[in-house]
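The model shown is predicted, which means the values in this text are computed figures rather than measured ones. Proteins get letters first, then strands, A, B, ... in listed order; numbering begins at 1 in each.
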Number of protein chains: 2
Amino acid sequence: MYSTGMSGTDTAHKLIEATQELLWERGYVGTSPRAIQQRAGAGQGSMYHHFGGKPDLARAAVRKSAQEMRAAAEADLSREGSARERVRAYLGRERSVLRGCRIGGLAQDPDVVADPELRAPLQETFEWLRARLTEVLAEGRANGEFGPAFDPAGTAATIVAVVQGGYVLARSAGDPGPFHEALDGLLRLLDCQAAEPGTRS
Amino acid sequence: MYSTGMSGTDTAHKLIEATQELLWERGYVGTSPRAIQQRAGAGQGSMYHHFGGKPDLARAAVRKSAQEMRAAAEADLSREGSARERVRAYLGRERSVLRGCRIGGLAQDPDVVADPELRAPLQETFEWLRARLTEVLAEGRANGEFGPAFDPAGTAATIVAVVQGGYVLARSAGDPGPFHEALDGLLRLLDCQAAEPGTRS
DNA sequence: GTCTATAGCCCGATAGAC
DNA sequence: GTCTATCGGGCTATAGAC
């Protein structure tokens with residue numbers, strides 16, 4: 001049994017990956033050790049040998065998913081190009097919209113928010129994302145892409161929320177449409193934040 | 001057993017209200033008939049006499065919650081005042097942020113989105129809200145509150161998403177702060193959509 | 001490390017008395 | 001209408017053999 005994120009055996013990895021998938025598909029309450037074992041092709045004893053139980057395994061899985069989500073966002077945000085282009089690349093990335101956000105979706109689960117170790121990766125991921133977007137937008141303002149009244153931190157908070165809310169609306173509609181409409185509306189609002197013509201460096 | 005939303009007995013009402021509360025607190029998967037009966041002060045037989053089972057009772061509860069949410073939004077959006085004031089009133093309404101949205105929270109549950117009758121109230125509520133916000137914003141543009149390039153429908157979609165996403169971020173953080181930051185950022189973006197000085201009617 | 005067996009509890013639902 | 005009894009099954013976890 002370990003949960004410190006180090007290498008681990010093949011079986012342990014399979015268990016973590018199966019848990020990641022099931023947490024995404026069914027949430028924490030809806031994910032049973034039994035289902036994890038079946039998807040991982042491992043037995044009871046195997047799972048309880050490597051992990052202390054469902055919460056322990058879930059903590060490892062959520063940490064890994066958070067890391068992966070952060071890496072994907074960083075890939076878009078650290079591209080070449082203007083701030084607006086990088087934000088657009090982040091927002092326009094292909095997503096399996098109807099599946100929802102692997103991290104944000106867990107925030108709905110009462111057992112997740114009640115367990116500080118389970119909730120921490122959610123909080124840290126969104127805080128990191130907001131801070132990273134703030135950096136990008138602040139660079140954009142410094143370059144004259146946005147006017148001096150433009151608020152990088154507040155806008156970053158809004159961007160993160162629109163993506164998460166877009167997932168909620170799409171799943172409610174059973175259709176990715178509302179997700180894209182919300183993002184398009186946001187981009188149009190952003191486009192109007194341009195500095196006055198001629199002031200751009 | 002009924003589920004057509006008509007008056008019904010006192011016990012049936014208590015069961016629906018208990019279900020509304022539990023769906024909000026624990027989600028659909030996390031809500032058991034047993035827990036509903038205990039909170040409503042009713043027995044097994046009572047519940048299965050009035051309703052066909054958990055899905056049937058949940059459908060009645062979700063429809064009622066959706067109606068209540070819509071009424072609350074309409075109260076803010078039909079006030080006296082400018083479009084911007086009404087949107088601000090809607091966004092600024094007191095909310096128990098950490099509880100999340102009674103309707104949007106259910107979109108995360110796979111059993112809810114898989115059941116068309118259970119998902120329909122979610123879709124309809126958000127569609128109605130978006131349409132209503134579009135109306136308000138279009139009035140604002142007609143009155144000269146916003147410039148001619150302003151996009152009421154796209155902005156309405158974004159507004160709905162920011163609120164839903166704000167709940168996700170707040171629950172992830174265990175703190176209402178991110179909800180309010182996202183809304184403030186949105187309002188700042190909206191403020192920059194003003195028509196040029198002097199063009200307002 | 002992995003297996004099977006078992007535990008005790010809750011799930012969602014049905015049956016039938018009153 | 002409401003009650004209690006009961007069902008078959010899944011849940012999370014532990015025990016102990018191999």
For F146(A), all residues meeting ring-ring contact (aromatic ring centres under 6.0 Å, His included), sequence neighbours excluded: F150(A)

Sequence neighbours left out, what pairs pass ring pair (Phe, Tyr, Trp, His ring centres under 6.0 Å) with at least one residue falling in residues 90-139 of chain A? none

Considering residues at least two apart in sequence or located in another chain, which fulfil the side-chain hydrogen bond (donor to acceptor under 3.5 Å, both in side chains) criterion with E17(B)? none

Only counting residues at least two apart or in another chain, list the ones meeting salt bridge (charged side-chain N to carboxylate O under 4.0 Å, His left out) with R130(B). E181(A)

My understanding is that only residues two or more places apart in sequence, or in another chain, count here; which of them pass salt bridge (charged side-chain N to carboxylate O under 4.0 Å, His left out) with R119(B)? none

Between atom CG in D56(B) and atom C1' in dG12(C), what is the gap in whole Å? 14 Å

So if I take residues 25-39 of chain B and measure heavy-atom distances to DNA chain C, which residues fall below 4.0 Å? T31(B), S32(B), P33(B), R34(B)

For L15(B) and dG1(D), give me the distance from atom CG to atom C1', rounded to whole Å. 12 Å

Quick check on dT2(D): is either OP1 or OP2 less than 4.0 Å from any side-chain nitrogen or oxygen of H50(B)? yes

What is the separation between atom CG on D111(A) and atom C1' on dT12(D), rounded to the nearest whole Å? 13 Å

Starting at the 5' end of DNA chain D, which residue's closest nucleotide do you reach first, M47(A) or T11(B)? T11(B)

Suppose the criterion is side chain to side chain donor-acceptor pair (under 3.5 Å): which pairs have a residue in residues 97-112 of chain B, not counting sequence neighbours? R26(A)-D111(B), E68(B)-R102(B)

Scan residues 162-177 of chain B for pairs that pass side chain to side chain donor-acceptor pair (under 3.5 Å), counting only residues two or more places apart or in two chains. R95(B)-Y167(B)

d(I16(B) CD1, Q20(B) CD) to nearest 0.5 Å is 7.5 Å

Can you give me the N/O atom pairs linking the protein to nucleotides 14-18 of chain C at distances under 3.5 Å, or say none if there are none?
none

